[in-house]
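Below you'll find the structure, written out as structure tokens, and then a few comments.
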There are 2 protein chains.
Amino acid sequence: MTDNGTVPISKKTTTKTPADGRRRELLATAAEVFAAQGYNATTVRRIADEAGILAGSLYYHFDSKESMLDEILSAFLDELWAGYDAVLAAGLGPRETIEALVTESFREIDRHRAAVAIYQKESRHLVDQPRFAYLAASQRKFEKAWLGTLERGVADGAFRADLDVRLAYRFVRDTVWVAASWYRPGGAHSPEEIARQYLSMVLDGIAVRPQEP
Amino acid sequence: MTDNGTVPISKKTTTKTPADGRRRELLATAAEVFAAQGYNATTVRRIADEAGILAGSLYYHFDSKESMLDEILSAFLDELWAGYDAVLAAGLGPRETIEALVTESFREIDRHRAAVAIYQKESRHLVDQPRFAYLAASQRKFEKAWLGTLERGVADGAFRADLDVRLAYRFVRDTVWVAASWYRPGGAHSPEEIARQYLSMVLDGIAVRPQEP
DNA sequence: ATCCTTCCCTAACAAGTGTTTGGTAGGTTA
DNA sequence: TAACCTACCAAACACTTGTTAGGGAAGGAT
């Protein structure tokens with residue numbers, strides 16, 4: 001296990017040099033292209049094109065293509081865990097915790113949809129790389145939070161006991177995060193509205209329940 | 001719309017030359033590597049290594065790397081639609097149709113987990129390519145079948161009417177297919193058992209329903 | 001014995017890849 | 001004016017990529 005409950009997700013110290021706004025711009029366009037084409041299928045020349053500069057110029061801002069990916073993912077995970085930790089520290093009941101986590105997740109998808117899409121597609125290959133070891137740490141912490149909450153809910157009678165909890169965990173987890181593949185900000189539904197409907201389906205199902213007379 | 005109900009998914013005519021068993025072997029290992037590393041991140045040399053031959057030797061069996069991907073995906077879709085069409089032609093009610101489709105889907109994941117994983121990761125970029133136009137056709141037919149069944153279920157009172165049907169469609173669809181990312185054949189649960197639990201969650205939810213006295 | 005088919009190897013090619021090096025225009029500071 | 005910093009360009013480098021051409025070994029068919 002980990003030495004304490006707080007797993008360090010990112011090693012970045014966020015040294016905000018004045019006017020690193022350009023970095024963020026470039027990272028945003030890079031994230032957009034990575035999400036659309038896939039990391040490996042994206043060339044640095046394509047990113048540079050999209051940014052209106054030449055490929056070599058990117059290396060004034062970043063060490064490598066990989067470090068761009070690194071910054072995109074760790075920045076996302078930092079924000080994600082800021083939100084999650086706040087929810088988990090609120091001391092809510094199991095059902096309310098799940099509701100809050102799902103809602104928070106859809107808000108993160110709304111804000112970081114490119115990063116989420118990249119994470120979904122690439123994280124599996126990246127975990128093995130030492131540089132991206134924090135992805136594995138995040139996944140462990142993630143599972144601990146969600147699975148723990150579900151088990152707590154089964155124990156106190158909020159959730160069904162006749163289901164495989166690990167299966168239910170993957171069910172809820174995937175259900176939420178794949179939404180990033182089709183979600184477009186500024187669409188018909190707000191993140192909160194989508195969360196509400198998803199929670200309704202996950203918690204109560206899509207079938208009509210037998211009426212009580 | 002399409003001219004008739006039957007959308008041609010694959011153009012392959014499956015000319016079974018005697019002893020093309022080697023082709024299938026190589027396609028299987030290629031699919032495995034594609035699924036593990038991603039299509040673009042996979043080199044033909046890696047595939048050849050895994051097969052115990054040299055990179056150039058692959059081109060005795062296949063025209064190109066892309067044609068391997070093509071064969072893998074279209075072979076999978078052919079089998080998938082064989083199963084789906086049988087279900088859809090059975091004339092079941094909406095709920096029973098959904099149950100049968102979900103079960104059939106998990107069986108396909110069991111048999112073609114590599115192809116499914118590849119499809120999930122790469123189909124979005126491939127659809128635009130003319131060669132992979134059949135992916136778009138398959139997606140349209142897929143949506144027609146699932147969304148239509150859900151709407152039928154809402155109309156006849158089997159499914160809840162207070163939900164956005166398109167959202168429910170994506171919910172059910174994603175819920176089923178992302179399972180390919182963690183499913184391993186020969187695991188603790190059979191495809192049918194996983195389908196049963198998934199259906200239980202999707203239809204009735206994971207929350208304990210208020211008891212009637 | 002000869003031919004043909006199947007399957008693979010050796011060796012290379014051209015294009016595309018991430019990255020580096022040195023330079024420069026423009027603005028800010030001393 | 002001089003030094004300096006930021007943000008970029010121009011041009012190339014080393015390497016990897018998918019792919020091809022020609023050849024050859026094994027084995028069955030004729």
Side-chain angles (χ1 to χ4, degrees), chain A residues 14-73 118 121-122 125-126 128-132, chain B residues 14-73 118 121-122 125-126 128-132:
Chain A
T14 338
T15 28
K16 282 202 186 184
T17 62
D20 62 344
R22 186 56 174 151
R23 268 182 89 86
R24 246 192 288 277
E25 275 183 34
L26 293 174
L27 277 181
T29 70
E32 221 58 52
V33 184
F34 285 157
Q37 324 238 349
Y39 173 73
N40 282 287
T42 300
T43 71
V44 296
R45 282 168 179 81
R46 181 82 169 76
I47 300 175
D49 273 8
E50 213 76 20
I53 60 178
L54 289 189
S57 306
L58 284 173
Y59 289 79
Y60 168 74
H61 298 278
F62 306 99
D63 291 340
S64 65
K65 180 189 175 189
E66 200 182 67
S67 78
M68 299 188 216
L69 179 62
D70 194 349
E71 273 195 53
I72 291 168
L73 291 179
I118 297 169
K121 269 187 221 165
E122 317 289 348
H125 343 172
L126 297 175
D128 305 323
Q129 242 167 308
R131 170 169 203 169
F132 293 95
Chain B
T14 340
T15 29
K16 279 202 185 181
T17 63
D20 62 345
R22 186 56 173 149
R23 267 184 88 87
R24 245 192 288 278
E25 276 183 34
L26 293 174
L27 277 181
T29 69
E32 222 57 53
V33 184
F34 285 158
Q37 324 237 352
Y39 173 72
N40 283 287
T42 300
T43 71
V44 295
R45 282 169 179 80
R46 181 82 168 76
I47 301 175
D49 273 8
E50 213 75 19
I53 61 178
L54 289 189
S57 306
L58 284 173
Y59 288 80
Y60 168 75
H61 299 278
F62 306 99
D63 291 338
S64 64
K65 179 189 176 189
E66 200 182 66
S67 79
M68 299 189 217
L69 179 62
D70 193 349
E71 272 195 56
I72 292 169
L73 291 180
I118 297 169
K121 269 187 222 163
E122 316 288 348
H125 340 174
L126 297 175
D128 304 323
Q129 244 167 306
R131 172 169 203 168
F132 293 96

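Chain letters run A, B, ... following the sequence lines, proteins first and then strands; every chain starts at 1.
- Of the inter-residue distances, the one linking A:Leu126 atom CG with A:Arg131 atom CZ reads 10.5 Å to the nearest 0.5 angstrom.
- A donor-acceptor contact under 3.5 Å links the side chain of A:Arg45 to the base of C:dG18.
- Taking a pair as Watson-Crick or G-U wobble with both distances under 3.5 Å, DNA chain C forms stems of 3 or more consecutive pairs at C:1-16 with D:15-30, C:18-30 with D:1-13.
- Side-chain atoms of B:Lys121 come within 3.5 Å of backbone atoms of B:Ala35 as a donor-acceptor pair (strictly under, hydrogens ignored).
- Within residues 48-61 of chain A, the residues having any heavy atom closer than 4.0 Å to DNA chain C are, in order of number, A:Gly56, A:Tyr59.
- One interatomic measurement links the two molecules: CG of B:Asn40 to P of D:dT16, which rounds to 18 Å at whole-angstrom precision.
- Interatomic distance, CG of B:Leu26 versus CD of B:Glu50, reported as 12.0 Å (0.5 Å rounding).
- Counting only heavy atoms from C-beta outward, the side chains of A:Tyr39 and B:Asn40 never approach each other to under 4.5 Å.
- Residues B:Leu58 and B:Met68 meet the side-chain proximity criterion, which asks for heavy atoms closer than 4.5 Å.
- In this structure, B:Glu25 atom CD and C:dC7 atom C1' are separated by 12 Å, rounded to whole Å.
- One interatomic measurement links the two molecules: CD1 of A:Ile47 to C1' of D:dC8, which rounds to 17 Å at whole-angstrom precision.
- Around CG of A:Asp128, the count of heavy atoms belonging to other residues, nucleotides or ligands within 6.0 Å exceeds 12.
- A donor-acceptor pair is defined here as one N or O able to donate and one able to accept, closer than 3.5 Å; no such pair exists between the side chain of B:His61 and the backbone of B:Arg23.
- Nucleotide D:dT20 holds its C1' atom 13 Å from the CG atom of B:Asp63, rounded to whole Å.
- The phosphate of C:dC8 (OP1 or OP2) has a side-chain N or O of B:Arg22 nearer than 4.0 angstrom.
- Under a 3.5 Å cut-off, the side chain of B:Ser64 and the backbone N or O of B:Ser67 do form a donor-acceptor pair.
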